[in-house]
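Quick notes on the structure that follows.
Just so we're on the same page: letters track the sequence lines, and every chain starts at 1.
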Protein chains: 2
Amino acid sequence: MVAKMPTQQTPWQNHLLASLPKETFERIAPHLELVSMPLGEVLYESGDQLHHVYFPTTAIVSLHYVMENGASAEISGVGNEGVVGISLFMGGNTTPSRAAVCTGGYGYRLKAQVMMEEFNRAGPMMKLMLRYTQALITQMSQTAVCNRHHSMEQQMCRWLLQTLDRLPSQELIMTQELIASMLGVRREGITETAGDLQRAGLISYRRGHITVLSRAGLEKHSCECYDVVRKEFHRLLKEA
Amino acid sequence: MVAKMPTQQTPWQNHLLASLPKETFERIAPHLELVSMPLGEVLYESGDQLHHVYFPTTAIVSLHYVMENGASAEISGVGNEGVVGISLFMGGNTTPSRAAVCTGGYGYRLKAQVMMEEFNRAGPMMKLMLRYTQALITQMSQTAVCNRHHSMEQQMCRWLLQTLDRLPSQELIMTQELIASMLGVRREGITETAGDLQRAGLISYRRGHITVLSRAGLEKHSCECYDVVRKEFHRLLKEA
DNA sequence: CGTTGTACGTGCGGTAGCGCACATAACCGC
DNA sequence: GCGGTTATGTGCGCTACCGCACGTACAACG
């Protein structure tokens with residue numbers, strides 16, 4: 001894999017950091033630490049105490065739950081629109097889920113203590129974090145519903161779209177195995193569905209790379225969940 | 001149906017209200033309004049502005065999402081351990097989900113403005129609400145995972161146990177149709193599963209009533225999700 | 001430039017849960 | 001105690017997805 005330089009990373013690539021008022025941002029800016037977030041890195045395990053919160057810029061993190069029998073399912077993804085580690089300020093400090101990087105890249109992290117100090121000012125940072133948390137709740141809820149009622153093809157389209165929204169290009173570096181484990185389905189199922197989507201001209205792929213050819217097509221094959229979540233994020237986080 | 005008097009209702013029957021420090025509780029107490037919450041009442045629809053938050057005492061409320069095609073699935077339940085309307089203080093004021101009473105009973109409600117004033121003191125009320133919200137997030141996450149991986153029988157056992165924990169007796173006033181709509185499955189599926197559980201001696205039922213005979217048995221037939229959620233609620237809300 | 005690890009393709013039987021169409025039976029009001 | 005309403009029981013074909021067991025082929029590296 002290419003050891004890409006942190007090509008022009010800035011905190012503003014993260015939408016939450018970008019939407020903080022100048023004063024607040026400048027207070028935390030000195031404490032923002034650029035970190036590489038390589039594929040597979042585990043930011044926290046189920047039950048771990050949090051020492052940092054992470055604001056991804058180019059990386060994408062998957063919050064998922066690993067069951068007793070080893071099976072797992074994604075609860076929510078977090079990319080440049082969000083932050084990893086909300087349980088810090090929500091008061092629990094840990095969660096029963098795990099956070100792992102599913103698309104390598106960069107992000108900024110902030111020490112727990114710094115975050116808490118800013119949060120406890122009960123100002124813009126707190127308001128923003130709470131709004132983001134509510135958006136995250138919507139995404140989790142929708143995941144629950146989607147898992148219950150929608151077909152694998154619909155879910156895969158939704159997932160591709162959500163991932164695409166967090167990336168600058170039309171290409172995902174992503175094996176079918178990985179997608180399967182995100183959606184909590186069999187790898188073979190993804191192979192078949194991906195084949196269908198390719199034959200339909202919506203995507204093309206080769207060994208670990210998926211290129212989206214028709215975003216509109218994916219939206220048509222996706223379930224309503226994609227739109228519900230997207231609109232809710234927009235509603236909650238547009239201003240502020 | 002018996003038109004039960006509000007037999008000895010007190011705000012302390014709601015665990016959240018009960019765990020507020022005296023000073024905080026006394027400030028809001030004059031504004032707590034006892035309300036009857038009959039089966040089927042909708043506290044808010046998708047997108048509704050919230051005018052109150054509700055602290056159930058004997059009622060149980062179901063937060064669920066209704067899809068475009070009319071199908072639905074429960075995201076989380078709320079009973080005497082919780083509060084309905086978190087999106088008020090999280091900043092969104094609305095959610096894409098719906099809250100409906102699925103076990104009739106009573107609760108206390110608080111005007112939105114009063115709740116916000118208390119929340120904005122950034123004191124015990126805020127801390128408590130955020131902790132509860134984190135617990136709710138765990139429940140929603142676990143619902144997502146459960147929907148993906150666990151059998152109908154496991155899910156039904158989990159659901160019965162969670163409902164039981166919110167009630168004083170071993171009896172649920174509940175049709176199979178209603179349970180089915182909560183779990184987002186066919187009514188016939190519940191009929192069959194309920195039959196199995198009855199034959200196994202774990203429950204007994206008649207037209208709209210389910211009596212739990214063996215809690216331990218249900219726990220054995222349930223998935224890990226019940227325990228994960230229960231422990232997390234306990235961890236987050238035991239003190240404070 | 002071939003070897004090898006890893007990703008992807010395919011087939012096949014099994015099954016949980018769905019959708020529909022009814023049959024039965026408990027409770028409710030009169 | 002009678003009739004109607006609503007809850008529950010049952011059967012049947014169907015489909016999506018699973019679990020397993022392979023075969024194939026890319027692409028990276030020596």
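Rounded to whole angstrom, the span from the CD atom of A/Glu192 across to the C1' atom of D/dA16 amounts to 10 Å. Per the geometry, CD belonging to A/Gln198 stands 16 Å off C1' belonging to C/dT10, to the nearest Å. In this entry the distance linking CD of B/Glu177 with C1' of D/dT8 reads 10 Å, nearest Å. Summarising the geometry, the separation between CG on A/Asp196 and C1' on D/dA16 is reported as 13 Å, rounded to the nearest angstrom. Rounded to an integer number of Å, the gap from CG of B/Leu197 to C1' of D/dT8 is 15 Å. One can place CE of B/Met174 at 17 Å from P of C/dC27, the figure rounded to the nearest angstrom. Spacing between atom CD1 of B/Ile190 and atom P of D/dG9 amounts to 12 Å, rounded to whole angstrom units. Computed from coordinates, the B/Ile210 CD1 to D/dA7 C1' distance equals 12 Å when rounded to whole Å.
Annotation: the span from A/Cys157 atom SG to A/His150 atom NE2 amounts to 12.5 Å, rounded to 0.5 Å. For the atom pair CZ of B/Arg158 and OG of B/Ser222, the computed distance is 7.5 Å after rounding to the nearest 0.5 Å. The distance from atom CD1 of B/Ile203 to atom CD1 of B/Ile210, rounded to the nearest 0.5 Å, is 5.5 Å.
Remark: side-chain polar atoms of B/Arg166 are paired, donor with acceptor, to backbone N or O of B/Gly77 under 3.5 angstrom. Counting only distance, with no hydrogens or angles, the side chain of B/Glu224 and the backbone of A/Glu68 share a donor-acceptor pair below 3.5 Å. Using modelled atom types, no side-chain atom of B/Arg215 and backbone atom of B/Gln170 make a donor-acceptor pair closer than 3.5 Å. Under the 3.5 Å distance criterion, the side-chain polar atoms of A/Gln162 are left unmatched by any main-chain donor or acceptor of A/Trp159.
Sorted by residue number, the list of members of residues 140-147 of chain B with any non-hydrogen atom under 4.0 Å from DNA chain C is empty.
A sub-4.0 Å separation between OP1 or OP2 of C/dG9 and a side-chain N or O of A/Tyr205 is present. A close approach under 4.0 Å does not occur between any side-chain nitrogen or oxygen of B/Gln176 and OP1 or OP2 of D/dT6.
Taking for each of B/Gly195 and A/Arg207 the nucleotide of DNA chain D with the nearest heavy atom, the 5'-most of the two is the partner of B/Gly195. Comparing A/Thr191 and B/Arg206 by the nucleotide of DNA chain C whose heavy atom lies nearest to each, the residue mapping closer to the 5' end is A/Thr191.
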Any chance you could lay out the side-chain contact (heavy atoms from CB on, under 4.5 Å) test for B/Ile137 and A/Ile137, step after step, and finish with the verdict? CA-CA 7 Å; B/Ile137 287 174; A/Ile137 287 174; 3.7 Å; yes
Given protein heavy atoms under 4.0 Å, the one-letter contact record of nucleotides 11-22 of chain C, with B base, S sugar-phosphate only and - none, is simply ------SBBBB-
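No side-chain heavy atom of B/Leu237 sits under 4.5 Å from any side-chain heavy atom of B/His15.
For A/Glu177, the CD atom counts as loosely surrounded, since its 6.0 Å shell holds 12 or fewer non-hydrogen atoms of other residues, nucleotides or ligands. Crowding of A/Glu192 atom CD: a count of heavy atoms from other residues, nucleotides or ligands under 6.0 Å not exceeding 12.
Overall, the helix from C/dC1-D/dG30 to C/dC30-D/dG1 carries an axis bend of 40° between its ends, with five pairs at each end and the value rounded to 10°.
For the side chain to side chain contact (heavy atoms under 4.5 Å, CB included) criterion with B/Ser62, the lone passing option out of B/Ser181, B/Cys102, B/Ser72 is B/Cys102.
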